[in-house]
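For reference, the structure discussed in these notes is given below.
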Amino acid sequence: MTTNDSVALTDFIRNIITEDLKANKNEARIVTRFPPEPNGYLHIGHAKSICLNFGIAAENKGICNLRFDDTNPSKEDIEYVESIKEDVRWLGFNWNDRLFYASDYFEQLYQYAVQLVKAGKAYVCDLNAQEIRDYRGTLTKPGKESPYRTRSVEENLDLFERMRAGEFEDGSRVLRAKIDMASGNLNMRDPVIYRILRAEHHRTGDKWCIYPMYDFAHCLSDSLEGITHSICTLEFEDHRPLYDWFLDELNVHHPQQIEFARLNLSYTVMSKRKLAELVEQGHVTGWDDPRMPTLSGLRRRGYTPESIRNFCERIGVAKRDSMVDIALLEHCIREDLNQHAPRVMGVLRPLRVVIDNYPEDQIEELDGPYHPEDSSMGSRKLPFSRVLYIERDDFREDPPKKFFRLSLGREVRLRYAYYIKCTRVVKDEQTNEVVEVHCTYDPETRGGWSSDGRKVRGTLHWVSADHSLEAEVRLYDRLFDKANPTGEKDTDFKTYLNPNSLETLTSCRVEPSLAGEAPGSRSQFERLGYFCVDAKDSSDGALAFNRTVTLRDSWAKIEKRKK
RNA sequence: UGGGGUGUCGUCAAGUGGUAAGACACAGGAUUUUGGUUCCUGCAUUCGGAGGUUCGAAUCCUCCCACCCCAGCCA
């Protein structure tokens, strides 16, 4: 695993940091931060940022803060801060005692704003939202200066103080930076830095009725925390001049903002808004639906934190917009689980098999190692009896070319058990469907091996009918059936929702060793894929498994090609 | 005739003037009591395009083209 080999990661951000370290910038200290807004759940795009910020800090003996950017109480909630903390912890990162909130700095931020007013660099503006928009101009036309732009420092000070005191209506006035209404960069056209907003804040309650805007709060929070490298996504590139402006005007510690491209993953969507839409409209069962690219969804699906961290390392960090193939994510979880998941047997669509020459009441305990390449994982006993279940797909009446599973007259191996040969089939008279197959077994092949050198091509997984446990299995697939569901401007992304993203199977049979498996525990169902016990819906009496990912399936590929 | 970015294999991505890493995907083959794993092999004479500089250019210069972001009192 690359995680263990840990070849030093390099990307343009780490290169900048290496240079800064060499130049002894910031006394060669590295301080980063992960600054989520608590208004939604974290997704794998955030994982990229978390791995970057915490990773860079760790690699350079630096520190990384977790800071909630909670400056808009109308959208934020404590539920989200709790889930975010849980997800960051689960991913494997530790902020120790450096858990911060932008709201911790509200008083300090207010004082900075006063300082700006005193310096003649900010003013209270009475224009309403629509007017401000009109005065801002357009992308190609410069804006107009607000008639309130020339108010005296004294008047601004008085008005701003009264804004804080709650003397004015929501939306009636704002504090604006006095920069340049003709700037080609719209962010510099006298941006709003404080608005009046009476909303219960999850941490400060009703202490404040004015709240700072992102551009003002973010750079100064970074500064206050002594951040050295403020890493954010590309859409903030245009904001960097403003980020720098505030820090320069206030003459405070000046972190360097660096932007990188956010993660896009094929066959899914990554915006909080769109994910929320899927949740609200019931297309998925919640933020932690195993089909969601949220960390809570991936966790419930069976992804390991290691696999996600490994994925984040492999995708790299750069500035170009890109779309990572979800096959890479799938590769990462297979790689991890192949190494660590115990092998067990489960039959998803059971087909009854009767071994006619096997003694009626006999039961044998056969040994089955938990991992073919790692004997330290031990083994379990598999009960074998006269009546078994095999996978429906593993029997064909008319076997196509290269099909080397069971069929009339054919011999196959039952994993860790015996060779069996099919002698006849029983069909449903109505549907003509095969409902039972009869076989004979070769007692000389116990354990699944013949000393006479006879070759069998197929090895099937199986369970004993009487000893197996019933289970529900959810087969998850990609959420969308289009690589880029948001790619067409005129088509709603939900048009491309994959109707087969979830198939629930209720009469599956799994081997008895799975009884009492802990929620979240992962195993490979041999020949099928990796599954985990659902953390919410599974119980001892009613097992429920989620399919994390299938095994690579070259037979399926062959079959698909023939069509 | 707004500003800011980005263009290297199907998808990510190294490369910073010395002759195109690696990963995923894909295609062959070997081994295999999982059609899994593992292991070999193949996969950009070419770096958005056109000129130019140079002994030498993905890297430097010029022009052009394409795509992304910005007109919240959201972050």
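Letters A, B, ... mirror the listed sequences (proteins, then strands); counts begin at 1. Here the structure is a predicted model, which is why all the values come from computation and not from measurement.
- Inter-residue side-chain proximity for D481(A) and Y267(A) is flagged as unmet; no heavy-atom pair is nearer than 4.5 Å.
- Looking at heavy-atom distances under 4.0 Å, M188(A) makes no contact with the nucleic acid at all.
- Taking 4.0 angstrom as the limit, H461(A) places none of its side-chain polar atoms (N or O) nearer than this to OP1 or OP2 of U34(B).
- Residue K557(A) is in sugar-phosphate contact alone, with no base atom involved, counting any heavy-atom pair closer than 4.0 Å across all strands shown.
- Checking N185(A) against S183(A) by side-chain atom types alone, no donor-acceptor pair falls below 3.5 Å.
- Distance check on atom C1': C69(B) versus C55(B) gives 43 Å, rounded to whole Å.
- Here, A23(B) and C73(B) have their P atoms 49 Å apart, quoted to the whole Å.
- The residue F236(A) sits close to a base: some heavy atom pair falls under 4.0 Å.
- At a threshold of 4.0 angstrom between heavy atoms, the contacts of T10(A) with the nucleic acid are absent.
- As judged by a 4.0 angstrom heavy-atom cut-off over every strand, R273(A) is placed among residues making no nucleic acid contact.
- Y194(A) comes within 4.0 angstrom of nothing in the nucleic acid, heavy atoms only.
- V192(A) comes within 4.0 angstrom of the backbone, heavy atoms only, and of no base.
- The closest side-chain heavy-atom distance from D367(A) to K381(A) is below 4.5 Å.
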Footprint string (nucleotides 7-12 of chain B, 5' to 3'): B base within contact, S backbone only, - free, heavy atoms under 4.0 Å: SB--SS

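- Counting non-hydrogen atoms under 4.0 angstrom, E37(A) reaches the backbone sugars and phosphates but no base.
- Comparing C70(B) with G36(B), their C1' atoms are spaced 49 Å from each other, to the whole Å.
- Counting only N and O atoms by type, the side chains of T233(A) and R262(A) include no donor and acceptor under 3.5 Å apart.
- The nearest whole Å value for the distance from the CG atom in L186(A) to the P atom in C69(B) is 15 Å.
- A donor-acceptor pair shorter than 3.5 Å cannot be found between the side chains of N156(A) and Y148(A).
- The ring pair (Phe, Tyr, Trp, His ring centres under 6.0 Å) check on Y41(A) picks up Y80(A), W287(A), with sequence neighbours excluded.
- Atom CD1 in I193(A) sits about 16 Å away from atom C1' in C74(B), given to the nearest Å.
- A57(B) and G49(B) have their P atoms separated by 15 Å, given to the nearest Å.
- As judged by a 4.0 angstrom heavy-atom cut-off over every strand, R415(A) is placed among the base-contacting residues.
- Within the structure, every side-chain polar atom (N or O) of R189(A) is placed at least 4.0 Å from both OP1 and OP2 of C70(B).
- Remark: R173(A) is not in phosphate contact with C73(B), judged by side-chain N or O atoms under 4.0 Å from OP1 or OP2.
- The phosphate of C24(B) has neither OP1 nor OP2 within less than 4.0 Å of any side-chain N or O from R334(A).
- Using atom C1' as the reference point in both G22(B) and A13(B), the two lie 8 Å apart (nearest Å).
- For the pair Q257(A) CD and C69(B) P, the computed distance is 18 Å after rounding to whole Å.
- Taking side-chain N and O atoms only, R240(A) has no distance below 4.0 Å to OP1 or OP2 of G3(B).
- V412(A) comes within 4.0 angstrom of no nucleic acid atom, judged by non-hydrogen atoms across all strands.
- With contacts defined as side-chain heavy-atom distances shorter than 4.5 Å, the pair I56(A)/I17(A) qualifies.
- Look at W555(A) and the base of G35(B); the rings stack, centres closer than 5.5 Å and planes less than 30° apart.
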Can Y123(A) and V117(A) be said to form a side chain to side chain contact (heavy atoms under 4.5 Å, CB included), step by step? CA-CA 6 Å; Y123(A) 62 98; V117(A) 171; over 6 Å; no

